[in-house]
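Only a predicted model underlies this, so the values are computations on that prediction, with no experimental measurement involved. Naming convention: chains lettered A, B, ... in sequence-line order (proteins, then strands); numbering from 1 in each chain.
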Amino acid sequence: MPCPLLHVDMDAFYASVMIRDRPELQHVPVVVGGGHRGVVLSANYPARAYGIRSGMSGTEARRLCPGAITVPPDFSVLTPVSKAIMETFRTVTPVVEVTSLDEAFLDVRGAVRLFGPPEAIAERIRAQIRAEHGIACSVGIAASVSVAKLASRQAKPDGVRVIPPERFVAEVHPLDVGVLYGVGEATRRRLAKLGLVTVGDVATFSRDQLRQMLGRHLGGHLHALVWGQDRTELVPGGAGVFGFGEGEPEGSMGAQHTLAVDVRDRAALRRELLRLTARVVARVRGASRRGRTVTVTVRFTDFTTVQRSRTLPEPTDVTQEVYAAAVPLLDGLLDERGPRPVAVRLVGVRVEGLRHLRPGDGRQLVLGERDPGWSDADRAVDRATDRFGHAAVRRASLL
DNA sequence: TCTGGGGTCCTAGGACCC
DNA sequence: TCTGGGGTCCTAGGACCC
């Protein structure tokens with residue numbers, strides 16, 4: 001079968017789900033996200049008519065359409081809808097790679113005998129999603145992941161598009177390289193400086209030439225992309241999607257927060273760091289993992305963003321241990337900017353190098369050192385938040 | 001009131017070891 | 001003593017995705 005891969009992408013997912021439950025908003029501009037210092041997560045088509053796009057700042061969106069209705073995303077609604085949609089996909093094929101709340105790749109090779117050719121499967125899925133969940137989606141069909149992805153974007157809104165291998169050159173080579181999955185702004189600019197603007201421009205160079213121009217990996221990857229020859233096998237479940245796919249992220253978990261106003265006070269920044277650390281490490285424990293590398297991120301008022309990391313001798317799932325590593329990293333970042341307190345816009349913390357906790361894997365105590373009991377305290381906090389919610393349990397230093 | 005929050009992967013230099 | 005290479009770990013930064 002020439003085109004066994006489907007990329008299914010919900011149309012304006014966050015906005016569509018919200019409007020589904022409030023039909024009176026269907027024909028007025030609706031923006032999800034983009035509150036104070038936030039960016040637009042999703043905009044319905046009436047809002048897009050004003051030029052509003054996801055990713056733009058809320059300020060910009062309000063300037064374009066002051067009358068738009070703005071709502072915050074409600075993940076307690078969005079997540080169950082998303083999971084139900086993924087289950088709908090799995091009634092068609094077990095090979096579903098989930099890449100975010102609102103999109104997935106499907107390998108339908110095993111489904112054609114039952115349901116017909118990929119186009120028919122696509123229409124079947126679209127009808128089912130519309131009937132069961134009341135929202136529209138678009139489907140791209142191709143032989144590889146990046147081409148299917150490109151096709152679904154061209155299919156929007158509410159459509160299906162097939163790009164078979166024999167039509168790839170004619171249909172994709174004239175387009176801007178930026179349409180390729182994996183070519184972002186930075187790579188686009190780099191290519192433009194070399195005089196390469198379209199996919200076809202890049203395709204005039206051999207793999208070796210591209211490697212020489214752009215580096216071994218990027219060059220090789222780009223060469224595959226411009227010939228529509230990237231990955232064809234899916235990873236069922238899909239990794240790295242928060243609380244999603246078959247499970248938790250593999251490599252790292254983190255949390256960051258843009259403060260409501262820029263903050264200079266170091267004690268206040270440390271409190272924010274502790275709040276974020278407690279949240280992240282609770283997730284790490286909840287996933288039965290431990291991490292070894294702690295990374296602190298700070299974004300200053302001028303938007304420069306810096307990170308400092310430290311690798312611990314042993315993996316940990318103890319909030320206090322992660323925090324103890326994180327504080328000097330935060331202090332270091334602030335001190336580097338000079339003796340005067342600098343205004344900070346964002347604070348973040350991430351735990352990397354996650355490993356599964358083996359059952360019965362006790363704490364390693366260094367000889368002569370007493371276990372301070374933080375681990376027991378963490379588990380008590382976890383149990384209490386499970387029962388009473390986050391509002392009920394807070395560290396004394398956060399009160 | 002310019003510019004979120006959650007991730008993954010790659011690069012590159014230095015340390016350290018063989 | 002000098003020269004050299006490869007592998008792994010750690011750190012910092014950056015690109016990319018939704």
B:dT3 and C:dC18, which share atom name P, separated by this distance in whole Å: 22 Å

Quick check for you: among [options], whose closest atom lies nearest to any side-chain atom of [X]?
{"X": "A:Thr258", "options": "B:dG4, C:dC18, C:dG13", "answer": "B:dG4"}
{"X": "A:Arg350", "options": "B:dG7, B:dG4, B:dT8", "answer": "B:dG7"}
{"X": "A:Ser252", "options": "B:dT3, C:dC16, B:dT8", "answer": "B:dT8"}
{"X": "A:Thr187", "options": "C:dA15, B:dT3, C:dG13", "answer": "C:dA15"}

Assigned chi class of B:dC2 under the 90° convention is syn

Less than 3.5 Å apart, which donor and acceptor atoms pair up between the side chains of residues 36-52 of chain A and the rest of the protein, not counting sequence neighbours?
from, atom 1, to, atom 2, distance (Å)
A:His36, NE2, A:Ala260, O, 2.6
A:Arg37, NE, A:Leu259, O, 3.1
A:Arg37, NE, A:Ala260, O, 3.3
A:Arg37, NH1, A:Asp262, OD1, 3.1
A:Arg37, NH2, A:Leu259, O, 2.9
A:Arg37, NH2, A:Asp262, OD1, 2.7
A:Ser42, OG, A:Ala15, N, 3.2
A:Asn44, OD1, A:Val30, N, 2.9
A:Asn44, OD1, A:Ala47, N, 3.1
A:Asn44, ND2, A:Val28, O, 2.8
A:Arg48, NE, A:Ala43, O, 2.8
A:Arg48, NH2, A:Ala43, O, 3.3

Does the ring of A:Tyr181 meet both stacking tests against the six-membered base ring of C:dC17: centre distance under 5.5 Å and plane angle under 30°? no

DNA chain C stem ranges, 3 or more consecutive Watson-Crick or G-U pairs under 3.5 angstrom: B:5-18 with C:5-18

I'd like to know whether A:Glu321 forms a side chain to side chain donor-acceptor pair (under 3.5 Å) with A:Thr316, so could you lay out the CA-CA distance, the side-chain angles of the two residues, the decisive distance to 0.1 Å, and finally the verdict. CA-CA 7 Å; A:Glu321 291 181 359; A:Thr316 181; 2.5 Å; yes

Produce the list of close N/O pairs, under 3.5 Å, pairing protein atoms with atoms of nucleotides 9-11 of chain B; give distances to one decimal.
from, atom 1, to, atom 2, distance (Å)
B:dC10, OP1, A:His217, NE2, 3.4

Using heavy atoms and a sub-4.0 Å distance, could you list which residues of residues 335-348 of chain A are near DNA chain B? By number, please. A:Arg345, A:Leu346

Using a 3.5 Å cut-off and no angle test, enumerate the donor-acceptor pairs between side-chain atoms of residues 1-9 of chain A and protein atoms at least two apart in sequence or in another chain.
from, atom 1, to, atom 2, distance (Å)
A:His7, ND1, A:Ser152, OG, 2.7
A:His7, NE2, A:Glu103, OE1, 2.8

Distance-only criterion, 3.5 Å: show the donor-acceptor pairs between side-chain atoms of residues 333-342 of chain A and protein atoms not counting sequence neighbours.
from, atom 1, to, atom 2, distance (Å)
A:Asp335, OD1, A:Arg266, NH1, 3.1
A:Asp335, OD1, A:Arg266, NH2, 2.7
A:Glu336, OE1, A:Arg308, NH2, 2.7
A:Glu336, OE2, A:Arg308, NE, 3.1
A:Glu336, OE2, A:Arg308, NH2, 3.1

Using the ring of each side chain (for Trp, its six-membered ring), is A:Trp227 parallel, tilted or perpendicular to A:His173, with breaks at 30° and 60°? perpendicular

I need the A:Phe13 CZ to A:His133 NE2 distance, nearest 0.5 Å. 9.0 Å

Whole-Å distance between C:dC18 C1' and A:Asp11 CG? 15 Å

